[in-house]
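Since the structure comes first, as structure tokens, the remarks are kept for the end.
So that the names make sense, note that chain A is the first sequence line, chain B the second, and so on, each numbered from 1. Model, not experiment: these values are computed from the prediction.
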Amino acid sequence: MKNASGSVAGGGLKLGVLLMATPLLLWLLLLVILPHLDLLMVSLRERISYGKYAFSFTNYIEFFTEPLYWNTYVRTATMSILATALTLVIGFPISYYIAKVMRGRGKSVLFLMCLIPFWVSELVRTFGWMILLRESGVISHFLQWAGLVDGPVEMLYNDVTIMVGLVYTSMLFMVVPLVSVLDSLDDSLIEAGYDLGGNAFTVTRDIVIPHAMPGIASGCIVVFMLTLGNYLTPNLLGGKSSLWFTEQIYTQFITRFNWESGSAFGFLLLVLSSLIVWLGLKLSRQTLSDTVG
Amino acid sequence: MADQFDLECRDVVKKFGQFTAVDQVSLTIPQGSFFSILGPSGCGKTTLLRMLAGFIEPTAGDILIKGKSVLGVAPNRRPVNMVFQHLALFPMMNVAQNVAYGLRRRGVGRATIDKKVAETLARVGLPDSGQKQISQLSGGQKQRIAIARCLVLEPAVLLLDEPLGALDLKLREHMKVELKQLQHEIGTTFVYITHDQSEALVMSDQVAVMNAGRFEQVGTPQELYYQPDTPFVAGFVGESNRWQGTFETVADGKAIIRLDSGGVIYTDPTQVTNPDLVAGQRMDVFVRPEAITIAAKGQGPVATSGLNAMQGRVENLLFNGAASSVQLRETTTGHEMNVALPQTGAFAGLRNGDELDLSWSAGQTKCFPNTKPAQADASGEAVA
Ligand SMILES: Nc1ncnc2c1ncn2[C@@H]1O[C@H](COP(=O)(O)OP(=O)(O)O)[C@@H](O)[C@H]1O
Ligand SMILES: [Mg+2]
């Protein structure tokens, strides 16, 4: 008796959970899983003639044999990792300052200042950088006016500019999780660290960073993925020389109408980001559930 | 002269903007003693302790540890350690790493650290807990680890900020005794902050009673209890029956105070803290519940100039074994009183509504000239 009623209740509960999860499951299925399955299918076929396709690895083989693709792929990964690291190094002190040093009004003002750039679209923001940095731009003019340089200087279209743009674009996504995780750190833990003889360096290393690790990991994952998949910033600030992998995908799909190859590239980008995130979590001994939870 | 004191404060003041949290506090704590600072919540205890630890700098005054001024010395360079109100154990480290933290910061060798950590853990009664995580410890164990983490550094002074506050009553009673024993064994100077008078009275060699940023009185627990200097101390330390009245005159060597609620109370002039009284001076009157003798109705002594006598009707019996007491309403004035029952069980059969004769000698009445307007003194809330 008891068992039977128990299982009925259990069944009811499961149905409830299922109903509640339905929108999420549908969303996952329709917008995430199906497109990616399709991407995989498309990437694994070869166009033989008009409307006729055959299963083949050609698209992947092409990727690994063509140094341009391969180099772009590695370069995008390296630059993204570097941008993530830089964002972390710059974002951490800012977040610490917001969460632990500032009090009351100043705190919200500073936090808002990190947010303000995101009130305009990424396109407008990037054009802002271009106005500042281009040959006929504000900084170039200022340097000439100040007599520091003789002719106009071009500050666009190099790796440093791309990096600056990427870090700037990503900052908020690093600062938000860091501020929230640092806010949750009890001030008395930091004070206890000093009380027991620690200094700024050891307290940060032994107490603040271990506590902030889940926030660091989630910030890094988000920033890395956004950077890796960014199209606008590297393209506009880096121009032709940006060599960003999303650009290759764009070219395949739009310019060359080669959906097969574009799909293969897209899939490879997915594999790359998953692999690096997994590696990062392993190295920092975090689990995805820690990071998200 | 100064170096016989482990800790000394001279006119320490701390202001937050216009607000004075700590006001002209001076104290000297001899080596190896257990010194408590007792006061209601918000009176500035934590602020004072944080100045001793070095987390905040005093606005004025000087702090000396072992005879040397520590103004401007960072917390990590002061020979004091602090047990925080919520303990602040490091959750990212296990018990042994927590205790070892301070030694590691000093660059002590690995073998010495292991030895000292084991010794200290044994001393606080948790010899095998080194590999445990902080979350696996009970409240009382966390408490001991927090103390061990400081003691391992052999500080000149150990500062404790209401460390028993988070524990349940039973454990708190137990830890009180244990903490006192521990202090006795190791001989480190303890500065202990609490708002719980029984903690302060049980454990301390010296207690400072603090109110609104000032020290009201510094003395042994006995002095505070039997010879309070101020009405605040009389009301805050231990329980008291209180009246307000006016000083009338001295007759037969006894001061007579006329109560606002009616009737008079006699007191020894020696019990009046400020003896140059003029008639009409407002007075606060305090009588301890255990100073009052009770007798069945009609069998008590009659009032004389050396003896106060009243009648009361039982309103509430508060049975608590040896600490039982009874709440009465004075028959003529309606004033509420609290009287301890004799431990012999002589009044075990008392019922609500019974009438009793109450008496106490003039010498048991404590009086203070009241400079504030009537009813403005809120210190009575601390009783109980
Ligand atoms: N950093 C601060 N800024 C402003 N006011 C403070 C600060 N720290 C404490 N106070 C005030 O000082 C008073 C005493 O606080 P505290 O020392 O924590 O009291 P206690 O520990 O005795 O409960 C309180 O009224 C509190 O609001
Ligand atoms: Mg406090």
Item to check | Most contacts with chain B, counted as non-hydrogen pairs under 4.5 angstrom, among Leu196(A), Asp186(A), Ile190(A), Asn199(A) | outcome: Leu196(A)
Checklist entry - Do any of residues 84-97 of chain B come closer than 4.5 Å to chain A, heavy atom to heavy atom, and if so which ones, in number order? => result Phe84(B), Ala88(B), Leu89(B), Phe90(B), Pro91(B), Met92(B), Met93(B)
Could you go through residues 50-57 of chain B and list every donor-acceptor pair under 3.5 Å that involves a side-chain atom there, pairing it with any protein atom two or more places apart or in another chain?
from     : atom 1 : to        : atom 2 : distance (Å)
Arg50(B) : NH1    : Glu191(A) : OE1    : 2.7
Arg50(B) : NH1    : Glu191(A) : OE2    : 3.1
Arg50(B) : NH2    : Glu191(A) : OE2    : 2.8
Glu57(B) : OE1    : Gly72(B)  : N      : 3.4
Glu57(B) : OE2    : Gly72(B)  : N      : 3.4
Glu57(B) : OE2    : Arg78(B)  : NH2    : 3.4

Next on the checklist: Can you see whether Asp205(B) engages Ser33(B) through a side-chain donor-acceptor pair at a distance of less than 3.5 angstrom?
Outcome noted: no
Checklist outcome for this item: The interface call for Asp187(A) against chain B, heavy-atom contacts under 4.5 Å, is neither
Item to check | Pairing of Glu8(B) and Arg10(B) as salt bridge, 4.0 angstrom limit | outcome: yes
Checklist entry - Are any of the side-chain nitrogens in Asp183(A) or Lys107(A) under 4.0 Å away from the carboxylate oxygens of its partner? => result yes
Item to check | Between Thr227(A) and Asn230(A): side-chain donor-acceptor atoms closer than 3.5 Å | outcome: no
Checklist entry - ring pair (Phe, Tyr, Trp, His ring centres under 6.0 Å) between Phe118(A) and Phe173(A): does it pass, once the steps are laid out? => result CA-CA 10 Å; Phe118(A) 292 82; Phe173(A) 302 97; 5.6 Å; yes
Checklist entry - Any luck finding a side-chain donor-acceptor pair between Glu162(B) and Tyr192(B) under 3.5 Å? => result no
